**Student:** 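Dropping a structure here in structure tokens format, bear with me for questions.
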Number of protein chains: 2
Amino acid sequence: MPDTVRSDPSPARNPQRTRARILAAALKEFAAKGFAGARVDLIARRAAINKRMLYHYFGDKEGLFKAVLRRKVSQRQAWADTLTGDPAETLTFWFDAACDDMDWVRMLEWEALHHTGKIIDEKERLSSVARGLERIRQRQARGLVSSELDPRQIMLTMRSLTMFPAAFPQLTRLITGRTLHDPKFRKERAEFLKKIAAMFRPTPGARDKTNFLK
Amino acid sequence: MPDTVRSDPSPARNPQRTRARILAAALKEFAAKGFAGARVDLIARRAAINKRMLYHYFGDKEGLFKAVLRRKVSQRQAWADTLTGDPAETLTFWFDAACDDMDWVRMLEWEALHHTGKIIDEKERLSSVARGLERIRQRQARGLVSSELDPRQIMLTMRSLTMFPAAFPQLTRLITGRTLHDPKFRKERAEFLKKIAAMFRPTPGARDKTNFLK
DNA sequence: GCAACAAGTAACCAGAGAGTTACTTAAAGC
DNA sequence: GCTTTAAGTAACTCTCTGGTTACTTGTTGC
């Protein structure tokens, strides 16, 4: 009868659930302690599964790490495509996302520190970036964003502005005197980012080169 | 005769040199692999000293990590005080510093990931930040930087813009298509940062509130 | 129903790696 | 000079931890 994917809630065996549990536990552990600091036994215990299953599904510790990273990255990519490319929107959206999902930022940070040239899921990520750049170019073409600025540099800058506080919470506290999760900080930063976003608009005086388009 | 600090080049014993060697080797190892990933034996071997000395001078692995971090941080603080607070100068200076001294950026990154509330050398760092904020306020008072913007947010933003590419080299490559150390990237980013710096100037139209000062 | 295979378990193992013990030897103070 | 202290060495220990072996049991296709 259960010809396709089963869905009853409590079967004795359930590979999907087991896999999901491992991934969730591994995300927590890796995000918190990184690859070298994470403990496989702890992941297994937190997932309430036998350690052997972890090796069954993911090969080894590194396979699990990659799987976790891959999942997080693709999750976020889906979000990215819902945006229009408007600087103000993009900045506030990603700033909130970074603050609300530190695990994501931290995984990227661990990736950065691990980084040895090869990037996981490079193809998908590159095309995601390409789509984002296209949205920026469209905005430039419509005269909503200054064409003086290189789209790639704009995007890198957006990421910097939004992710940095979550990536370096200690510096954020040192500089602003507030915790990352302090609502006051969130509000102040969000307001500041709006002002910054306005700076990306073409300067009214200098006629934008894009105007020849329409 | 050697009443004060000795300086002859090759004495059989030399605590200063040993300490320095350990710190240098530890910086490399910790910056590369982080606290959990670093191997004490390797540090000892790279420093060409006996592992026991490492424990003699620094207590344990964590003590060594803290010593390394402390040293790097205070080193950089000295640099910071040579700056005037001009956005263009600050941005290009710190951007170059970050690219040229990845170890420093990486140590801050490891610190961030380690981060559990307590910050090393908090006092000194806070006063260093305070001095930096003062420089920004002076610039605002002189009408060189927009007073619309919160100095703390400005500083946090400067750090973001300059450190991010070095902190996330994989994202930098994904977005710009260039390696962090590619001279073309360095040049493009430096130029972009100059444009950004200009945006921090008071808008000519809106008379700045600071004008009442003179 | 019944192979065949995948899901799951418990106990184990080998090696790595932080930290120690017990010792020797150079330098500083008197 | 000689004692005391700090610098330095070699070998060791013992826990922690990634990965495995050898097994049982539920599911599924036929």
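Order of the sequence lines fixes the chain letters, A, B, ..., with proteins taken first and strands second; residue numbering starts at 1 for each chain. What you see is a predicted model; the values in this text were computed from it and never measured.
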**Student:** For DNA chain D, determine which residues of residues 24-49 of chain B have any heavy atom closer than 4.0 angstrom to one of its atoms, and list them numerically.
**Tutor:** none
**Student:** Would you mind checking if Arg137(A) and Glu134(A) are paired as a salt bridge, meaning a charged N to carboxylate O distance below 4.0 Å?
**Tutor:** yes
**Student:** Could you give all pairs that pass the ring-ring contact (aromatic ring centres under 6.0 Å, His included) test and reach residues 67-89 of chain A, with sequence neighbours left out?
**Tutor:** Trp79(A)-Phe93(A)
**Student:** Hey, does the side chain of Arg106(A) reach the backbone of Ala31(A) with a donor-acceptor pair shorter than 3.5 angstrom?
**Tutor:** yes
**Student:** What ring-ring contact (aromatic ring centres under 6.0 Å, His included) pairs are there with at least one residue in residues 96-119 of chain B, not counting sequence neighbours?
**Tutor:** Trp110(A)-Trp110(B), Phe35(B)-His114(B), Phe65(B)-His114(B), Trp94(B)-Trp104(B)
**Student:** Roughly how many Å is it from NE2 in His56(A) to P in dT9(C), rounded to a whole number?
**Tutor:** 12 Å
**Student:** I need the CZ-C1' distance between Arg17(A) and dG26(D), as an integer number of Å.
**Tutor:** 13 Å
**Student:** Distance check: side-chain N/O of Tyr57(B) vs OP1/OP2 of dG8(D), anything under 4.0 Å?
**Tutor:** yes
**Student:** So which nucleotide from dT9(C), dG19(D), dG8(D) ends up closest to the side chain of Met53(A)?
**Tutor:** dT9(C)
**Student:** How long is the line joining CZ of Arg19(A) and P of dG8(C), in whole Å?
**Tutor:** 12 Å
**Student:** Taking the side chain of Tyr55(A) as heavy atoms from C-beta outward, which of dA18(C), dG19(D), dG8(D) is closest to it?
**Tutor:** dG19(D)
**Student:** Atom CD of Gln16(A) to atom C1' of dA7(C): distance rounded to whole Å?
**Tutor:** 13 Å
**Student:** Just by distance, do the side chain of Glu29(A) and the backbone of Val40(A) share a donor-acceptor pair under 3.5 Å?
**Tutor:** no
**Student:** For dG8(D), does OP1 or OP2 lie under 4.0 Å from any side-chain N or O of Thr18(B)?
**Tutor:** yes
**Student:** Enumerate all atom pairs, one protein N or O and one N or O from nucleotides 10-13 of chain D, separated by less than 3.5 Å.
**Tutor:**
| from | atom 1 | to | atom 2 | distance (Å) |
| --- | --- | --- | --- | --- |
| dA10(D) | N7 | Asn50(B) | ND2 | 3.4 |

**Student:** When you measure from the side chain of Arg173(A) to the backbone of Thr179(A), do you find a donor-acceptor pair of N or O atoms at a distance under 3.5 Å?
**Tutor:** no
**Student:** Would you confirm whether Asp121(A), through its side chain, and Glu124(A), through its main-chain N or O, come within 3.5 Å as a donor-acceptor pair?
**Tutor:** no
**Student:** Let me know the distance between CG of Asp60(B) and P of dT15(D), rounded to the nearest Å.
**Tutor:** 18 Å
**Student:** Starting from C1' on dG8(D), measure out to CZ on Arg21(B) and report it in whole angstrom.
**Tutor:** 13 Å
**Student:** Tell me the interatomic distance from Leu54(B), atom CG, to dG17(C), atom P, rounded to whole angstroms.
**Tutor:** 15 Å
**Student:** Partners of Asp101(B) by salt bridge (Lys or Arg N to Asp or Glu O under 4.0 Å), sequence neighbours excluded?
**Tutor:** Lys72(B), Arg76(B)
**Student:** Sequence neighbours left out, what pairs pass side chain to side chain donor-acceptor pair (under 3.5 Å) with at least one residue falling in residues 47-69 of chain B?
**Tutor:** Asp41(B)-Lys51(B)
**Student:** dT20(D) P sits how many Å from Lys61(A) NZ, rounded?
**Tutor:** 14 Å
